[in-house]
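The structure under discussion appears below in the form of structure tokens.
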2 protein chains.
Amino acid sequence: MAYTVAPLERLIEQLERLPGIGHKSACRLAFYLLNTDKATAAEFIGAITDAREHIHECAVCCNLTDGDTCPVCRSENRDRTTICVVEDARDVMALERARDYHGLYHVLHGTISPMDGIGPDAVRIKELLPRVADEQVKEVIMATNPTVEGEATALYIAKLLKPFGVRVTRLAYGIPVGGDLEYADEVTLRHSLEGRSEL
Amino acid sequence: MAYTVAPLERLIEQLERLPGIGHKSACRLAFYLLNTDKATAAEFIGAITDAREHIHECAVCCNLTDGDTCPVCRSENRDRTTICVVEDARDVMALERARDYHGLYHVLHGTISPMDGIGPDAVRIKELLPRVADEQVKEVIMATNPTVEGEATALYIAKLLKPFGVRVTRLAYGIPVGGDLEYADEVTLRHSLEGRSEL
């Protein structure tokens with residue numbers, strides 16, 4: 001006989017739907033959520049509800065925000081001549097953590113992927129064009145992921161931006177810092193050779 | 001400038017409190033919970049609330065259940081002469097998955113740990129005694145974890161059960177099936193030698 005308690009099974013099932021959470025982790029999370037005190041559980045649920053209610057896309061760059069525009073677009077310390085185009089809001093967080101980029105962003109919320117029926121209209125490309133048309137913008141950095149779809153999207157946008165006469169650049173490919181040559185794939189190695197710089 | 005959106009930060013913080021979830025996983029989960037459709041999110045939150053409302057301890061064995069007693073205690077196919085004592089409800093699930101035990105359980109909800117100020121009264125030991133006093137019970141299997149606290153708890157309970165004249169046994173120690181001798185620690189190896197059986 002299998003030991004089943006319906007609400008517990010349901011909770012575990014729901015937790016298993018989270019990305020990267022297998023059955024064993026889901027069990028551990030379920031027991032944590034069951035055993036924690038009432039206030040902590042309420043806070044947890046409140047954070048989900050609250051985030052879903054208050055977070056939406058920035059009216060300018062489509063980044064996630066709880067205001068009209070995002071903190072980057074609102075800031076007066078950002079360089080308004082550069083726009084960095086990324087696939088999603090997580091990429092903005094990653095680049096902000098690097099603390100080396102001071103321009104604006106544009107979040108596509110996906111990539112063009114004809115194989116999956118995702119055309120240019122399904123991502124926020126048309127929102128980018130009026131921003132680039134603004135004469136302040138001098139450079140657009142394509143920072144889509146180094147995948148087939150990311151590549152294709154970057155090339156597609158670069159072609160669209162040609163008439164505007166802005167500089168369109170691409171993040172450098174190469175060996176990750178702290179990585180190991182031995183474990184780098186051939187394509188990355190080829191790119192790191194091509195992009196080698198003087199010492 | 002760090003890019004922060006308060007409700008998103010709060011959600012990530014809450015997810016980081018889950019056991020085994022680091023910052024990167026918390027970000028991934030947060031974006032999943034944000035981007036999923038409304039019904040899925042409601043189901044997820046509902047499962048947590050529901051489980052917390054309806055799950056409590058079985059009146060007999062302290063296992064988790066949504067009824068008065070748990071499915072194991074209610075079942076008419078279980079062997080009522082054996083009680084297996086485990087630390088928590090997850091251990092019941094693990095043993096039930098093995099499909100080899102057909103007796104009853106007793107869930108302690110913890111172990112005695114004088115170092116952390118957890119005495120015998122903080123775990124469900126006193127609930128076990130009247131069950132063993134029932135003359136049906138012939139054997140109590142101690143299945144606490146093979147840690148110092150689990151060991152101590154098992155020995156403490158064994159001593160308490162002595163006057164009842166029931167057989168008190170302990171799960172076997174040894175090398176895990178599929179494991180590697182090379183990676184087994186000395187104590188486990190010593191136990192597996194002591195407990196060796198005829199082929």
Side-chain angles (χ1 to χ4, degrees), chain A residues 1-8 10-15 17-21 25 27-36 38 40-41 43-55 63-67 70-72 75 77-78 88-90 92-97 99 102 105 109, chain B residues 1-8 10-15 17-21 25 27-36 38 40-41 43-55 63-67 70-72 75 77-78 88-90 92-97 99 102 105 109:
Chain A
M1 196 205 72
Y3 154 68
T4 48
V5 178
L8 183 60
R10 213 182 118 213
L11 178 57
I12 293 173
E13 238 167 64
Q14 284 293 327
L15 288 163
R17 295 171 80 167
L18 296 175
I21 303 290
S25 302
C27 285
R28 195 168 49 174
L29 297 181
F31 279 92
Y32 168 83
L33 289 170
L34 268 181
N35 293 328
T36 191
K38 208 170 171 169
T40 310
E43 237 182 303
F44 182 82
I45 291 172
I48 301 174
T49 326
D50 200 48
R52 286 189 59 92
E53 263 171 30
H54 294 108
I55 294 177
N63 189 6
L64 296 182
T65 178
D66 54 346
C70 76
V72 176
S75 167
N77 304 318
R78 308 292 300 211
D88 68 37
R90 265 168 294 187
V92 174
M93 290 175 106
L95 282 163
E96 284 298 295
R97 266 199 304 275
R99 291 166 186 277
H102 305 289
Y105 290 99
H109 292 279
Chain B
M1 195 207 75
Y3 154 67
T4 49
V5 177
L8 183 60
R10 213 182 117 214
L11 178 57
I12 293 172
E13 238 168 64
Q14 284 292 328
L15 288 164
R17 295 171 79 168
L18 295 175
I21 302 290
S25 301
C27 285
R28 197 169 46 174
L29 297 181
F31 279 91
Y32 167 83
L33 289 171
L34 268 181
N35 293 328
T36 191
K38 211 171 169 168
T40 311
E43 237 182 304
F44 182 82
I45 292 172
I48 302 173
T49 325
D50 200 49
R52 286 188 60 91
E53 264 171 29
H54 294 109
I55 294 178
N63 189 5
L64 296 183
T65 178
D66 54 345
C70 77
V72 176
S75 167
N77 304 318
R78 309 291 301 212
D88 70 37
R90 264 169 295 187
V92 174
M93 290 176 107
L95 282 162
E96 284 299 294
R97 266 200 302 276
R99 291 166 185 277
H102 305 290
Y105 290 99
H109 292 278

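Chain identifiers are assigned alphabetically (A, B, ...) following the order of the sequence lines, protein sequences preceding nucleic acid strands; residue numbering begins at 1 within each chain.
Residue B:Leu95: no heavy atom, backbone or side chain, is found under 4.5 Å from chain A. Only the side chain of B:Tyr32 comes within less than 4.5 Å of a heavy atom of chain A; its backbone N, CA, C and O stay farther away. The contact between B:Arg17 and chain A is made by backbone and side chain atoms together, counting heavy-atom distances below 4.5 Å. Contact of A:Leu18 with chain B is made through backbone and side chain together, with heavy-atom distances under 4.5 Å.
Top candidate by heavy-atom pairs under 4.5 Å with chain A, chosen from B:Glu43, B:Lys38, B:Arg28, is B:Glu43. Ranking B:Ile55, B:Asp88, B:Ile12, B:Asn35 against chain A, the residue ahead of the rest is B:Ile55, based on heavy-atom pairs under 4.5 Å. Between chain A and the options B:Leu15, B:Thr36, B:Thr40, heavy-atom pairs under 4.5 Å are most frequent for B:Thr36.
Between the side chain of A:Ser25 and the backbone N or O of A:Ile21 there is no donor-acceptor pair closer than 3.5 Å.
Evaluated for a side-chain contact (heavy atoms from CB on, under 4.5 Å) with B:Ile48, the options A:Leu29, A:Leu33, A:Leu34 yield exactly one hit, A:Leu33.
Between A:Asp66 and B:Ala6, the closest heavy-atom pair is OD2-N, 4.0 Å.
Under the salt bridge (Lys or Arg N to Asp or Glu O under 4.0 Å) criterion, A:Glu13 pairs with no residue, sequence neighbours left out.
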### Message
Please evaluate residues A:Leu64 and A:His109 with respect to the criterion side chain to side chain contact (heavy atoms under 4.5 Å, CB included), reporting the C-alpha separation (whole Å), side-chain torsions for both, the decisive distance (0.1 Å), and the verdict.
### Response
CA-CA 10 Å; A:Leu64 296 182; A:His109 292 279; 4.1 Å; yes
### Message
Show, in sequence, the C-alpha distance, side-chain angles and deciding distance for B:Asn63 and B:Met93, and conclude whether the side chain to side chain contact (heavy atoms under 4.5 Å, CB included) test is met.
### Response
CA-CA 10 Å; B:Asn63 189 5; B:Met93 290 176 107; over 6 Å; no
